[in-house]
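Notes to accompany the following structure.
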Amino acid sequence: MLAPYLLLFVLFTVVPVAISLVISFTYFNMLEFPRWVGWHNYQQLFLEDDVFLIAIKNTFIFAVITGPLSYMACFLFAWLINGLQPKVRALFTLLFYAPSISGNIYFMWQLLFSGDSYGYINGFLMKLGVIVEPIQWLTDPKYILPIIILVQLWLSLGTSFLAFIAGLQNIDKTLFEAGAVDGVSNRWQELWYITLPAMRPMLMFGAVIQITSSFAVADVAINLAGFPSVNYAAHTIVTHLMDYGTVRFEMGYSSAIATVLFIMMITMNVLTQKLLRRIGE
Amino acid sequence: MSETMLERAPKAGKAASAAGRPNLFRLFRLRRAKRVNHSWWGNAIAFLVLCAVAAFMALPLVFSINNAFKPLDEIFVFPPRFLVRNPTLTNFGDLFSLLSNSWVPFSRYVFNTVFITLAGTVGHVILASAAAFVLAKYQFKGKNLIFTMIVLSLMFSGQVTMIPNYMTMAWLGWIDSYASIIVPAFAYPLGLYLMKQFMEMIPDSLLEAAKIDGASDYRIFWQIVMPLVKPAWMTLTILLFQMLWGTDGGNFVYSEQLKTLHYAVTQIVLGGIARTGAAAAVSLLLMSVPILFFLFSQSKIIQTMATSGMKD
């Protein structure tokens, strides 16, 4: 029963990833045959590419803020929603998941943060007298990063949120009855001693997904701040990768960027998994 | 709060005091099926917080619905308005007249998208669940290696594997076919990982009991494991449905007859300012299908949970 899946997985995931790792040691412009350059791409990446360092810094800021926050938000809201009546629960799940479903979300944020005095936030602040001149929210490097973090957080109740809701419904109900008999007396104890340990497989899943998505921020940055953004203020590793991969067609270099990102994500995951093992102890 | 969470629960204390109370109180406890008593004000605060956040999260839905019914002059009004003043159906009329003029019949795009979405979702859920079952409940050599590879692959950036994938497709002769979109979807790592985590929550003793009763592996999978993890594969179905519904054919499909709805819609949107109204209408239509599907499967999940609980 494993074979058909595994065959396709190797063909469409393992092989391409392996090829891409090899390509990261070559110069490949998609017209000529790849030319072996060894560690050159990596050297250039860390020693000569200043923009890459900005991208790494931004990506880390994103990941460190949005990763844990959105992870906790996913669980907290899933947990609260799970306590509701079935029909209400379905409605709330839909509303919370809405940003992930709808397509033209960026337009709304562009309206809000529009840089002239007609943008909602500028208009509001000017009416209050907090500011006199409209703020260029999406082009001023000072504001871009926080705004993208905000939007990213708002968008982040996606895959792991749904998985958590399903997971909470799959917990053996007798555990709670046994817990009540054993003296669990309030909802926080119930959460810590019963719900969280029972959810551990799901929590691991959520952590992987959340880390992956918070390190791979690109869409929000591109749609709100443009590509490339002013002074690379919203540049992330993935936008850097897209710059070299789909704009400059330097596939070797772009594969090297992907490899660095890959290693960063793996490191973060190992750390997080260690942390999660201690839940409910 | 954090203090009480970290302390060990006082054993037996509460249970003993409840037992000593008059009958009336004990009846009340029994009716609650021995669940911990959640304070009403705690529930109230939780509900209020949920409502506030939900209202905020619902903004894009409200905006899309309003936008689709705005007459052109309201769409272009400056400063832009969030809500519609004079709702109209002209956008939908424009959309249909636009679509009926296109070179490839519109129904063809609809068919392509529906076919890709359904085939891809069904295939993925079945293949990923079967593979997850083996990984979660059987011991064999190389099992951990396979699982580690699947989790790791989730973390590799997709943009750079596009070229190797293209070469694979070309080698298979799948360029410009439905297969180039559907078959890779069968093997997304996400679904296997999700299903495996859920299946690990099923107690082994249940499966052993079934085995002793003479059930074959396939029967255990279809009649015991799959019904138990219904919320899981329903969730997976929602995720896959949504993803494939939004696919545009990518770099593998070139003939117009095979393009998807999403692609056709993007062409309309790119048509310029005159088509902004139609674009607003179409984005609402495109969005409503995953939403309806989502609501439908949510009610299915709830039905299952009402009738079957997992008991060891």
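In the text below, chain A, chain B and the rest are named by the order of the sequence lines, each starting its count at 1. Below, each value reflects all heavy atoms present in this structure, side chains not excepted, and no hydrogens, waters or symmetry copies.
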(request) Identify the heavy atoms of B:Leu152 and A:Phe262 that sit nearest to each other, and give their distance. (result) O-CE1, 3.2 Å

(message) Restricting to non-hydrogen atoms, name the atom on A:Ala163 and the atom on B:Thr235 that form the minimum distance, rounded to 0.1 Å.
(response) N-CG2, 4.1 Å

(message) What's the separation between atom CG in A:Leu94 and atom CE in B:Met57, rounded to the nearest 0.5 Å?
(response) 11.5 Å

(message) Strictly distance-based, threshold 3.5 Å: is any side-chain N or O of B:Gln197 a donor or acceptor partner for the main-chain N or O of A:Met202?
(response) no

(message) Counting only non-hydrogen atoms closer than 4.5 Å, does A:Phe205 touch chain B with its backbone (N, CA, C, O), its side chain (CB onward), both, or neither?
(response) both

(request) Using non-hydrogen atoms and a 4.5 Å limit, figure out which bit of A:Ala198 sits close to chain B: side chain, backbone, both or neither. (result) backbone

(message) Surrounding CZ of B:Phe47 (heavy atoms of other residues, nucleotides or ligands, distance under 6.0 Å), is the total greater than 12?
(response) no

(request) Below 4.5 Å from any heavy atom of chain A, which atoms of B:Ile126 appear? Answer side chain, backbone, both or neither. (result) neither

(message) To the closest 0.5 Å, what do you measure between CD1 (A:Ile19) and CE (B:Met167)?
(response) 4.5 Å

(message) Need one label for A:Leu21: side chain, backbone, both or neither, based on atoms under 4.5 Å from any heavy atom in chain B.
(response) side chain

(request) State, with a plain yes or no, whether a side-chain heavy atom of A:Phe9 is found less than 4.5 Å away from one of B:Ser153. (result) yes

(message) With a 4.5 angstrom heavy-atom cut-off, is it the side chain or the backbone of A:Val17 that approaches chain B, or both, or neither?
(response) both

(request) Tell me, for A:Phe215 versus chain B, whether the close heavy atoms (under 4.5 Å) come from the side chain, the backbone, both or neither. (result) neither

(message) Is B:Leu236 in contact with chain A via its backbone, its side chain, both, or neither, using a 4.5 Å heavy-atom distance?
(response) neither

(message) So for A:Leu157, is it side chain, backbone, both, or neither that comes closer than 4.5 Å to the heavy atoms of chain B?
(response) side chain

(message) Which atoms of A:Ile209 are under 4.5 Å from chain B, going by heavy atoms: the side chain, the backbone, both sets, or neither?
(response) side chain

(request) Could you tell me whether a side-chain N or O of A:Tyr5 sits under 3.5 Å from a main-chain N or O of B:Tyr188, the two making a donor and an acceptor? (result) yes

(message) Tell me which of these, A:Ser213, A:Pro201, A:Ser254, has more heavy-atom pairs under 4.5 Å with chain B than the rest.
(response) A:Pro201

(message) Quick check on the interface: out of B:Tyr218, B:Phe294, B:Trp245, B:Phe56, who has the most heavy-atom pairs with chain A under 4.5 Å?
(response) B:Phe294

(request) Identify which of B:Ser129, B:Cys51, B:Gly123 forms the greatest number of heavy-atom pairs closer than 4.5 Å to chain A. (result) B:Cys51

(request) Could you tell me which portion of A:Val15 (side chain, backbone, both or neither) has an atom closer than 4.5 angstrom to a non-hydrogen atom of chain B? (result) neither

(message) Counting heavy-atom pairs closer than 4.5 Å to chain A, which one of B:Ile150, B:Thr168, B:Asp217 comes out on top?
(response) B:Ile150

(message) Please classify the contact between A:Met242 and chain B as side chain, backbone, both or neither, with a heavy-atom cut-off of under 4.5 Å.
(response) side chain

(message) Nearest 0.5 Å, please: how far is CG in A:Leu162 from CD in B:Gln242?
(response) 8.0 Å

(request) Look at B:Val53, B:Leu50, B:Val49 and state which one has the largest set of heavy-atom pairs under 4.5 Å with chain A. (result) B:Leu50

(request) Would you indicate whether the side-chain heavy atoms of A:Phe12 and B:Val183 approach each other to under 4.5 Å? (result) yes

(message) Nearest 0.5 angstrom please: B:Met149 CE to A:Leu6 CG, how far?
(response) 6.5 Å

(request) Could you tell me which of A:Thr13, A:Leu261, A:Val208 has the largest number of non-hydrogen atom pairs under 4.5 Å with chain B? (result) A:Val208

(message) Could you report the tightest heavy-atom contact between A:Pro16 and B:Pro164, atom names first, then the distance?
(response) CA-CB, 3.6 Å

(message) For A:Leu80, which atoms come within 4.5 Å of any heavy atom of chain B: side chain, backbone, both, or neither?
(response) both

(request) Name the region of A:Ile266, side chain, backbone, both or neither, that has any atom closer than 4.5 Å to a heavy atom of chain B. (result) both

(message) What part of A:Met204 gets within 4.5 angstrom of chain B, counting heavy atoms only: side chain, backbone, both, or neither?
(response) both

(request) Under 4.5 Å heavy-atom distance to chain A, tell me which part of B:Leu172 shows up: side chain, backbone, both or neither. (result) side chain

(message) Looking at B:Ala232, is its backbone amide N or carbonyl O close enough to the side chain of A:Gln169 to form a donor-acceptor pair, meaning the two atoms are under 3.5 Å apart?
(response) no

(request) Would you please name every residue forming a side chain to side chain contact (heavy atoms under 4.5 Å, CB included) with A:Ser24, sequence neighbours left out? (result) A:Tyr42, A:Ser255, A:Ala256, A:Thr259

(request) Calculate, to the nearest 0.5 Å, the distance between atoms OG1 and CG belonging to A:Thr159 and B:Leu239 respectively. (result) 5.0 Å

(request) Identify which of B:Pro184, B:Ala46, B:Ala55, B:Ala130 forms the greatest number of heavy-atom pairs closer than 4.5 Å to chain A. (result) B:Pro184

(request) Just give me the residue among B:Ile146, B:Val229, B:Leu192 that pairs up with chain A most often, heavy atom to heavy atom, under 4.5 Å. (result) B:Leu192

(message) Applying ring-ring contact (aromatic ring centres under 6.0 Å, His included), can you list everything that pairs with B:Tyr166, at least two apart in sequence or on another chain?
(response) none

(message) For the CD1 atom of B:Ile238 and the OG atom of A:Ser100, what is their distance to the nearest 0.5 Å?
(response) 12.0 Å

(message) I need the minimum non-hydrogen distance between B:Phe156 and A:Ala258, along with the two atoms involved.
(response) CZ-CB, 4.1 Å

(message) On a heavy-atom basis, which atom in A:Leu95 and which in B:Leu61 lie closest, and how many Å separate them?
(response) CD2-CD1, 4.5 Å

(message) Heavy-atom pairs under 4.5 Å with chain B: which of A:Asn269, A:Val14, A:Ile211 has the most?
(response) A:Asn269

